[in-house]
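Structure, as structure tokens:
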Amino acid sequence: AISDKFNTIFSKVRGRARLSEENISEALREIRLALLEADVNFKVVKSFTASVRDKALGTEVTPRVTPGQQFIKIVHDELVGLLGIEGEGLSLSGPSPAVIMLVGLVGSGKTTTAGKLALHLSKKSRNTLMVAADTMRPAARNQLVSIGQRIGIEVFSNDREQSPNRICADALSYASKKGVDTVIIDTAGRLAVDEQLMGELAALKRAIAPREVLLVADSMSGQDAVTVAAKFHEALGLTGVILTKLDGDTRGGAALSIKAVSGAPIKFAGVGEKLEDLMPFEPGRMATRILG
Amino acid sequence: AHGLDGGLRDEIEELLITADIGVVLTARILDDLSAWAAKNNVNPAEGTLRIKESLLSILEESEGAISAVDAPPAVVLVLGVNGTGKTTTIAKIAHDLTEHGKSVILAAGDTFRDAAVEQLTVWGDRLGVEVVSQKQGADPAAVAFDALVRAQTRGIDYLFVDTAGRLHTKYNLMEELKKIKRVLGDRMPAAPHETLLVLDAGIGQNNIAQAKKFHEEVGITGIVLTKLDGSAKGGAIFPLFADLRIPIKYIGVGEGADDLMPFDRHQFVEALFS
Ligand SMILES: Nc1nc2c(ncn2[C@@H]2O[C@H](COP(=O)(O)OP(=O)(O)OP(=O)(O)O)[C@@H](O)[C@H]2O)c(=O)[nH]1
Ligand SMILES: Nc1nc2c(ncn2[C@@H]2O[C@H](COP(=O)(O)OP(=O)(O)OP(=O)(O)O)[C@@H](O)[C@H]2O)c(=O)[nH]1
Ligand SMILES: [Mg+2]
Ligand SMILES: [Mg+2]
């Protein structure tokens with residue numbers, strides 16, 4: 001673990017009263033290595049290590065703590081601070097229905113997450129409607145309908161309508177009639193660099209005025225996570241992020257990249273394929289996982 | 001001038017790391033470049049050429065087509081973690097084969113995920129190929145077996161077995177995959193003739209862990225790298241191939257049936273620099 005590496009590096013620093021440029025430079029190199037191996041973006045690593053260096057320099061070494069432990073605490077705290085606040089839930093207050101729009105790359109876990117969110121909200125006694133607005137992917141509507149049946153939550157779908165905007169408009173008037181208070185829109189996956197599809201998504205957002213625009217992102221994403229997050233944020237204005245597939249063994253550095261470049265709070269973690277497998281995001285646990 | 005300019009070194013490092021090539025391989029390439037630059041007159045163009053050559057040499061013998069077989073059907077087992085593009089990739093390869101006059105059957109081996117069978121069935125209808133399936137929750141090994149019997153009975157050239165996405169860290173799911181492979185082999189000793197691991201180019205270093213684990217547990221004979229029509233470069237394939245030497249057979253470049261290309265290491269290296 002990285003704490004072991006630091007104990008070795010800082011063993012040469014024993015008896016020093018402060019962390020200095022020379023004794024932290026090697027540690028900073030280790031941090032940089034660890035973060036890059038964890039898939040944190042190159043530029044994000046650069047600015048992160050610079051912040052850690054600034055915070056660490058001149059720090060007094062607390063008597064009952066080793067310099068290595070002191071340094072790790074600075075790194076960990078800095079990481080937690082950047083990853084965001086714990087338990088930042090959905091902001092759904094306002095006129096009914098509150099619309100939640102799920103967006104993201106192909107295969108990131110949007111449709112599954114729609115079901116997870118719907119289940120989560122139904123447990124909080126919200127009257128939820130899911131909308132099958134992916135008219136592109138083969139059997140996408142079937143997938144969401146099947147999910148809805150599984151958890152007893154209604155899905156609005158129209159096999160004969162090809163326009164996501166029309167489907168959502170119809171879904172919202174249906175929702176108003178039925179007194180639904182929360183609408184979750186599952187959109188088609190797309191590439192962030194597909195200008196046409198990103199434009200269509202922006203137009204959809206303007207049409208439905210969602211309270212939440214959540215980027216559903218694969219936690220195993222690599223360096224490109226910054227481009228993806230930046231483009232989705234630029235096009236839509238993200239209000240939050242859901243990281244999926246955290247039940248795997250990825251270090252998940254994409255979390256830091258996505259947060260750094262979009263500023264959008266990471267609200268939930270997908271931790272499995274079942275619809276129950278959704279947890280509030282915990283920055284402390286994520287920081288430890290990223291550091292490795 | 002001799003020696004590697006600091007600015008150029010930083011630029012190259014950023015290019016390689018942000019392509020997901022990883023710290024270790026990047027460091028090795030930079031050290032090699034520095035050593036070479038110390039003895040030669042270097043300009044950025046020559047430096048870039050040198051790096052391309054290093055990358056190309058790492059990928060020697062990384063290309064390859066799907067295995068041909070003595071007696072049909074050629075059985076292709078397709079696996080990988082969730083959402084990488086397995087089902088769509090099967091449709092693309094099947095499409096390519098049928099365009100070349102081959103007969104194909106698809107086995108709907110994902111009996112777990114909502115509408116997985118429906119998704120493959122839509123593709124089967126579009127391509128005019130038969131899809132063998134059972135009801136949701138059926139034993140995937142039973143579906144694979146049925147499909148193989150069907151393919152043998154009909155004298156079909158290729159059988160593709162689709163499987164549910166699964167994280168390589170899940171013991172029961174990896175055991176399930178081994179069982180599917182075993183059942184195929186019990187019915188036809190050479191089957192599966194090809195075991196394809198589908199990897200997503202947008203994933204980072206975890207692609208290496210996935211390949212290692214799947215290879216260790218099931219034995220992988222080929223890789224398909226998908227979503228290369230995006231901005232991700234899929235560079236984790238370099239350290240992955242250097243270690244495991246599993247050939248990359250195809251790349252996925254879109255969501256349509258035609259969006260498949262054979263892996264070409266020259267094109268792949270060039271794309272890193274575009
Ligand atoms: N292990 C695991 N699998 C997940 C998680 N979330 C989603 N999945 C799986 O990831 C795969 C893709 O999920 P989908 O919900 O179809 O993804 P999507 O973003 O809707 O895909 P597109 O609509 O094609 O863009 C499926 O196999 C899901 O079961 C998660 O948190 N953990
Ligand atoms: N842009 C692009 N999208 C792709 C590519 N390959 C697959 N996709 C898309 O990625 C998403 C997931 O594809 P699937 O074929 O369902 O992936 P899978 O691995 O079978 O997913 P699971 O069975 O849920 O694990 C779909 O939206 C596909 O259209 C590709 O090469 N490029
Ligand atoms: Mg979907
Ligand atoms: Mg599939």
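If you're wondering where the values come from, they're calculated on a predicted model, not measured in any experiment. Heavy atoms only: backbone and side chains are in, while hydrogens, waters and symmetry mates are out. In what follows, every chain begins at residue 1, and chains take the letters A, B, ... in the order their sequences are listed.
- Ranked by heavy-atom pairs under 4.5 Å with chain A, the list A115(B), S231(B), G235(B) is led by S231(B).
- Around atom CD of E195(A), no more than 12 heavy atoms belonging to other residues, nucleotides or ligands sit under 6.0 Å away.
- When heavy atoms are compared at a cutoff of 4.5 Å, I21(B) does not approach chain A at all.
- For D39(A), the part lying under 4.5 angstrom from a heavy atom of chain B is the side chain only.
- Heavy atoms of D247(A) lying under 4.5 Å from chain B belong to its backbone as well as its side chain.
- In the displayed structure, R285(A) atom CZ is contacted under 6.0 Å by at most 12 heavy atoms of other residues, nucleotides or ligands.
- Around the NZ atom of K170(B), the shell of radius 6.0 Å holds more than 12 heavy atoms that belong to other residues, nucleotides or ligands.
- Between the CG atom in L191(A) and the CD atom in E255(B) there is a gap of 7.0 Å [rounded to 0.5 Å].
- With a 6.0 Å radius and a threshold of 12 heavy atoms from other residues, nucleotides or ligands, K178(B) has its NZ atom above the threshold.
- Contact annotation: the side chain of T84(B) never approaches that of M220(A) to less than 4.5 Å [non-hydrogen atoms, C-beta and beyond].
- Separation of atoms OG (S221(A)) and CG (D200(B)) is listed at 7.5 Å; rounding is to 0.5 Å.
- Residue K233(B): no heavy atom, backbone or side chain, is found under 4.5 Å from chain A.
- Under the 3.5 Å distance criterion, the side-chain polar atoms of D20(B) are matched with a main-chain donor or acceptor of Q223(A).
- Looking at T227(A), the atoms closer than 4.5 Å to chain B (heavy atoms on both sides) all sit in the side chain, from C-beta outward.
- Taking each heavy atom of Q205(B) and E37(A) in turn, the nearest pair found is CG-O, 3.7 Å.
- Only the side chain of D218(A) comes within less than 4.5 Å of a heavy atom of chain B; its backbone N, CA, C and O stay farther away.
- Residue P138(A) comes nearest to V122(B) through the heavy atom pair CB-CG1, 3.7 Å, listed as atom of the first residue, atom of the second, then distance.
- The candidate from V81(B), N82(B), T169(B) with the greatest count of non-hydrogen atom pairs under 4.5 Å with chain A is N82(B).
- Paired with D114(B) under the rule side chain to side chain donor-acceptor pair (under 3.5 Å), one option of Q149(A), R150(A), Q143(A) passes, and it is R150(A).
- Proximity to chain B (any heavy atom under 4.5 Å) is restricted, for V193(A), to the side chain, taken from C-beta onward.
- Note that the NZ atom of K245(A) and the CG atom of N206(B) stand 11.0 Å from one another [nearest 0.5 Å].
- Salt bridge absent: K43(A) and E13(B) never bring a charged side-chain N and a carboxylate O closer than 4.0 Å.
- For chain A, the option among R166(B), Q210(B), K227(B), Q119(B) with the highest count of heavy-atom pairs below 4.5 Å is Q119(B).
- Residues of residues 85-99 of chain B lying under 4.5 angstrom from chain A, judged on non-hydrogen atoms, do not exist.
- Within the 4.5 angstrom heavy-atom criterion, atoms from both the backbone and the side chain of D229(B) approach chain A.
- Using a 4.5 Å cut-off between heavy atoms, E118(B) touches chain A through backbone and side chain atoms alike.
- Of the atoms belonging to R141(A), not a single heavy atom falls under 4.5 Å from chain B.
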